[in-house]
Amino acid sequence: MTPEDSPQPGSAQASYEGNDQAILDEVVFRVRDLSCYYGDVEAVRNVSMDIIEREITAMVGPSGCGKTTVLRCFNRMNDLIEGARAQGMLLFKGVDLYDTRVDPVEVRRRIGMVFQKPNPFPKSIFDNIAYGPRISKTTRNKKELEGVVESSLRQAALWDEVKDRLGDSAMGLSGGQQQRLCIARTIATSPDVLLMDEPCSALDPIATAYIEELMHNLKQNYTIIIVTHNMQQAARISDRTAFFTAEVDLEKHYRYGVLVEFDDTEKIFSNPSDERTESYVTGRFG
Amino acid sequence: MAESFRQPFREELNLVKSGIVLMAGLVTESIPRCTEALLNCDLATAREIVEADAVIDNMSLELEQKCQQLLALQQPTAGDLRELLAALVINYEIERSGGLLVNIAKSLRRLYGVELGPRMRGVVTQMGEEARRLFGFAIEAYADDNAGLAAALDDIDDRLDRLHHQCLALIITSQQEERIERPPGVQLALIARYYERIGDHAVNIGGRVRYMVDGWRPPQADLPE
């Protein structure tokens, strides 16, 4: 998204009065009245939220509440699904992500994603990390590429465990190591944002603790948005928490997701404003 | 549907609450007994009050342990978390109030044989009544999740504070007029202070009830730079 091929920031945000410029600078994603559809079915209705730079934002809520759909809007992953479309405003650093001039591949480089199940390529550890930089030709020679691989593995706290076997298959790593490899692979393309869709749900508590500590460290350089079913995890690691739930359209008889409450994580878990949040975080409502 | 999950945990929380209300009831009932014993120089009742405090202490320790267990095992959040944190602090406030009654009972032994004048008897009677009333309101607010009543306790406590001042003024004039010796004067001043502190504990309980019900926290004082 260079200035030449993208709309200029400013036009859309100018309509939002009363915003402090300092806050505006920190807002990575500005979402207003975002609704998502799969074909004719409305999956998420009217989500508005600001994602702040270098913070961890957690999205929690019961299954079918639309949190993963919203997460996938942030790097246009939903484009890959037939019939999926988004309506409303979604600005990434002031640029409309869904503008026709925006290149979705570039979007996904700047906004990386880590999935629920670790999905390393059936290649060597080195080649997994080098994959992105090679495709986008961001490194000029072998030495630079090796530098990126090492730094990415170090940031993902995996370097010491794999430095002597970079040529081995990534498939031989443990689940927790594979997930950190996937995080390293995402970091290797120098993204601004990491989207994580239940990154620990397939991991044991120790591997989970590793990833959580890693996220805490990565926060210094990256903006992180995580979808999690583990509420204690959201409470432990995130700065802000968004609670989504599913509502039923009584006329058309279908369920759609809504954002109920979005606030500081401490507020959500100690004194939420909405009764639906209270019921959910106290575990009284599935 | 909303109440259908975590029923066992809810029941445990209710047990903590009823335990605290029961313990507070023992303390509330002891306040008028203590006052009566004081006015009648009733040493037997004074001893009973001192001995009964061990029961309250044990209840308090058990409740604290129960709260700790629920925090560790159930990882409560939101309203449940506030309820448990409030229970922990209210438990402490009640235990301390029970301790103050023991202090009064012990002071009355030291006052044995001292004749209290009618005005002093009147002020002591009123302080006892006021402390009992306040403590009763505090526990009622806790038992009923009544944040409004809880918030009113601070104002209601003003009356007990005034009685405390009256009592001290009376002790000073009595000493000036040499109607009372210095050691019993000191004991009476301490007793007045103990009643006044029970009122403060009741006000503190009110603050925790408000926190429990709607997350209210007392405003922080401005400290000098």
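Residue numbers begin at 1 in each chain, while the letters A, B, ... track the order of the sequences.
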Answer yes or no: are there more than 12 heavy-atom neighbours, outside [X] itself, under 6.0 Å from its atom [atom1]?
X: B:Arg82; atom1: CZ; answer: yes
X: B:Asp158; atom1: CG; answer: yes
X: B:Tyr92; atom1: OH; answer: no
X: A:Phe29; atom1: CZ; answer: yes

Q: Output yes when a side-chain donor or acceptor of A:Asn271 lies under 3.5 Å from a complementary backbone atom of B:Ala78, and no otherwise.
A: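 Not confirmed, A:Asn271 side chain does not pair with B:Ala78 backbone.
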Q. Once you round to the nearest 0.5 Å, how far does OG1 of A:Thr282 lie from CG of B:Leu13?
A.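 A:Thr282 atom OG1 to B:Leu13 atom CG measures 10.0 Å (nearest 0.5 Å).
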Q: Provide the closest heavy-atom pair for B:Thr77 versus A:Gln232 in the form atom of the first, atom of the second, distance.
A: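 The answer is CG2-NE2, 4.3 Å.
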(Q) Is there a side-chain contact between A:Arg284 and B:Gln7 in this structure, where contact means two heavy atoms from C-beta onward sitting under 4.5 Å apart? (A)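 The answer is no, as the side chains (C-beta and beyond) never meet within the 4.5 Å cut-off.
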